[in-house]
Amino acid sequence: MTFALDHLVINVLFDMDRAETMMSQLGFTLTPRGYHSLGSINHLMVFEGPYLELIGLPSAADVLRKDLLESPRGLNGLVFKANDIDTCASSLRQSGLAMLEPQSFSRPVTIDGVEQLARFRTVRTAPELFEAGRVYYCQHYTPELVWHRPWMAHANGCAGLSELVVVTDAIEADASRYAKAAQARAEKKGSEVFTIDLASGFHITLMSPARYHQRYGECSVEANGRRSFFGAVVLKTPDVGRVGGLASFIPELPRDERANSLLLLIPFLNTLLEFRSDR
């Protein structure tokens with residue numbers, strides 16, 4: 001069965017305050033700061049389906065997540081939804097993917113003045129399989145503490161995530177590997193482009209560096225010596241102009257306005273957001 005997307009992750013390292021401010025200025029509603037038992041901190045931008053996560057590290061702590069410290073800044077996590085992590089991990093190993101051991105963790109969440117514990121169990125593919133970022137699977141024990149209705153309305157009008165762009169100079173091999181991770185088929189969409197359709201209606205698009213720069217031009221993120229990286233996240237919005245109006249108050253963001261989309265590059269996060277009209 002093809003996996004659905006659970007969420008995408010932007011690694012902000014020690015710049016969480018700045019990242020939180022930036023996303024708020026762009027009109028996103030962010031969840032209150034979370035503190036994971038693993039030693040990381042986060043904010044979510046929650047939609048009806050998959051969400052976008054800012055994850056980082058506290059400036060002073062006894063325990064810091066090694067996988068984040070060793071990961072590059074920027075769009076860095078592709079997370080599939082799982083109903084049972086142990087069954088998921090076993091199935092993926094049988095399909096030929098090397099997997100790490102599952103881990104459980106939690107973070108406190110306060111809703112209507114009551115503190116509760118959001119609990120998760122995840123399993124990650126072996127790091128060497130996907131140079132572009134961390135690919136893993138997440139089981140939610142308490143989804144009601146994530147998909148909380150007041151957090152799902154955004155001033156910029158964004159309604160969800162529709163696409164992750166993966167840039168790679170090994171397009172055939174990586175298309176096959178991502179397809180196996182998603183338990184879906186990779187379809188060739190022309191020269192040096194493949195797409196993988198997930199169960200949630202979300203798309204993973206793999207393309208060569210040349211095709212990536214052709215699509216995004218001066219708004220492309222920096223490869224920083226990597227042969228593969230996550231090049232953009234595409235967000236659905238009924239009104240690109242509303243996002244553009246909010247972004248106009250942040251002049252340091254390179255942008256490219258097109259007929260039905262707006263590209264915004266966030267340099268300090270090395271992350272490209274593409275807002276597309278769903279009309």
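Count residues from 1 along the sequence.
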- Task: Compute the ring centroids of Phe80 and Tyr136, then answer whether they are less than 6.0 Å apart.
- Result: no
- Item | Over all atoms of both residues, closest heavy-atom pair of Val146 and Leu44 | CG1-CD1, 3.8 Å
- Query: Parallel, tilted or perpendicular for Phe28 and Phe47, by the 30°/60° rule?
  - Reply: perpendicular
- Say whether, by atom type as modelled, one donor and one acceptor occur between the side chain of Gln139 and the main chain of Ala82 under 3.5 angstrom. no
- Task: Tell me whether Ile10 is reachable from Val234 by hopping between hydrophobic residues (I, L, V, M, F, W, Y) whose side-chain heavy atoms are closer than 4.5 Å.
- Result: no
- Query: Does the side chain of Arg119 pick up a donor-acceptor pair with the side chain of Ser106 at under 3.5 Å?
  - Reply: no
- Query: Is there a path from Leu92 to Ile196 through hydrophobic residues (I, L, V, M, F, W, Y) whose side chains come within less than 4.5 Å of each other?
  - Reply: yes
- Who pairs with Phe120 by ring pair (Phe, Tyr, Trp, His ring centres under 6.0 Å), at least two apart in sequence or on another chain? Phe105, His140
- For Ser90 and Cys88, indicate whether the former's side chain and the latter's backbone hold a donor-acceptor pair under 3.5 Å. no
- Is it true that a side-chain atom of His36 and a backbone atom of Arg107 form a donor plus acceptor pair closer than 3.5 Å? no
- Message: Give me the atom names and distance for the closest heavy-atom approach of Leu68 to Leu13.
- Response: O-CD2, 3.4 Å
- Output yes when a side-chain donor or acceptor of Arg258 lies under 3.5 Å from a complementary backbone atom of Leu263, and no otherwise. no
- Query: So, does Ser208 use its side chain to make a donor-acceptor pair with the main chain of Asp169 at under 3.5 Å?
  - Reply: no
- Item | Partner set under side chain to side chain donor-acceptor pair (under 3.5 Å) for Ser104, not counting sequence neighbours | Arg121
- Check salt bridge (charged side-chain N to carboxylate O under 4.0 Å, His left out) between Arg73 and all other residues, then give those that pass, not counting sequence neighbours. Asp15
- Task: Not counting sequence neighbours, which residues clear salt bridge (charged side-chain N to carboxylate O under 4.0 Å, His left out) with Glu115? List them please.
- Result: none
- Item | Side-chain donor-acceptor contact under 3.5 Å, Asn42 with Arg33 | no
- Task: Take Glu128 and Arg134 through the test salt bridge (Lys or Arg N to Asp or Glu O under 4.0 Å) and record every step on the way to the result.
- Result: CA-CA 10 Å; Glu128 64 271 13; Arg134 297 173 302 127; over 6 Å; no
- Side chains of Asp174 and Thr168: do they bring a donor and an acceptor to under 3.5 Å? yes
- Item | His213 side chain to Ser220 side chain, donor-acceptor N/O pair below 3.5 angstrom | yes
- Query: Is it true that Phe194 and Tyr178 have ring centroids separated by less than 6.0 Å?
  - Reply: no
- Apply salt bridge (charged side-chain N to carboxylate O under 4.0 Å, His left out) to Arg211 and list each qualifying residue two or more places apart in sequence or on a separate chain. none
- Could you go step by step and tell me if Phe229 and Tyr212 meet the ring pair (Phe, Tyr, Trp, His ring centres under 6.0 Å) rule? CA-CA 11 Å; Phe229 56 93; Tyr212 174 67; 5.6 Å; yes
- Ignoring hydrogens and geometry, is there a side-chain-to-backbone donor-acceptor pair from Thr237 to Asp239 under 3.5 Å? yes
- Item | Ion pair Lys236/Glu274, N-O distance below 4.0 Å | no
- Between Ser228 and Glu131, is any side-chain donor less than 3.5 angstrom from a side-chain acceptor? no
- Item | Sidechain-backbone polar pair: His203 side chain, Asp197 backbone, donor-acceptor under 3.5 Å | no
- Task: Decide whether Leu78 and Val165 are clustered together by the hydrophobic rule: side chain heavy atoms of Ile, Leu, Val, Met, Phe, Trp, Tyr closer than 4.5 Å, transitively.
- Result: no
- Query: Which heavy atom in Pro150 sits nearest to a heavy atom in Thr29, and how many Å separate them?
  - Reply: O-CG2, 4.2 Å
- Contacts of Glu53 meeting salt bridge (charged side-chain N to carboxylate O under 4.0 Å, His left out) (sequence neighbours excluded), chain-then-number -> none
- Message: Between Arg226 and Ala223 (side chain of the first, backbone of the second, donor and acceptor by atom type, cut-off under 3.5 Å), is there such a pair?
- Response: yes
- Item | Tyr137 versus Ala181, closest heavy-atom pair with distance | OH-O, 2.6 Å
- Report yes or no: do Thr195 and Glu187 form a side-chain donor-acceptor pair below 3.5 Å? no
- Query: Any donor and acceptor pair, going by atom type alone, linking the side chain of Trp147 with main-chain N or O of Pro50 inside 3.5 Å?
  - Reply: no
- Message: Quick check on side chain to side chain contact (heavy atoms under 4.5 Å, CB included): which of Leu100, Val135, Val79 does Arg124 satisfy it with?
- Response: Leu100
- Item | Heavy-atom donor-acceptor pair, Ser91 side chain to Thr87 backbone, under 3.5 Å | no
- Query: Would Gln183 and Thr2 satisfy side chain to side chain donor-acceptor pair (under 3.5 Å), going step by step from the backbone distance to the final call?
  - Reply: CA-CA 5 Å; Gln183 297 291 285; Thr2 299; over 6 Å; no
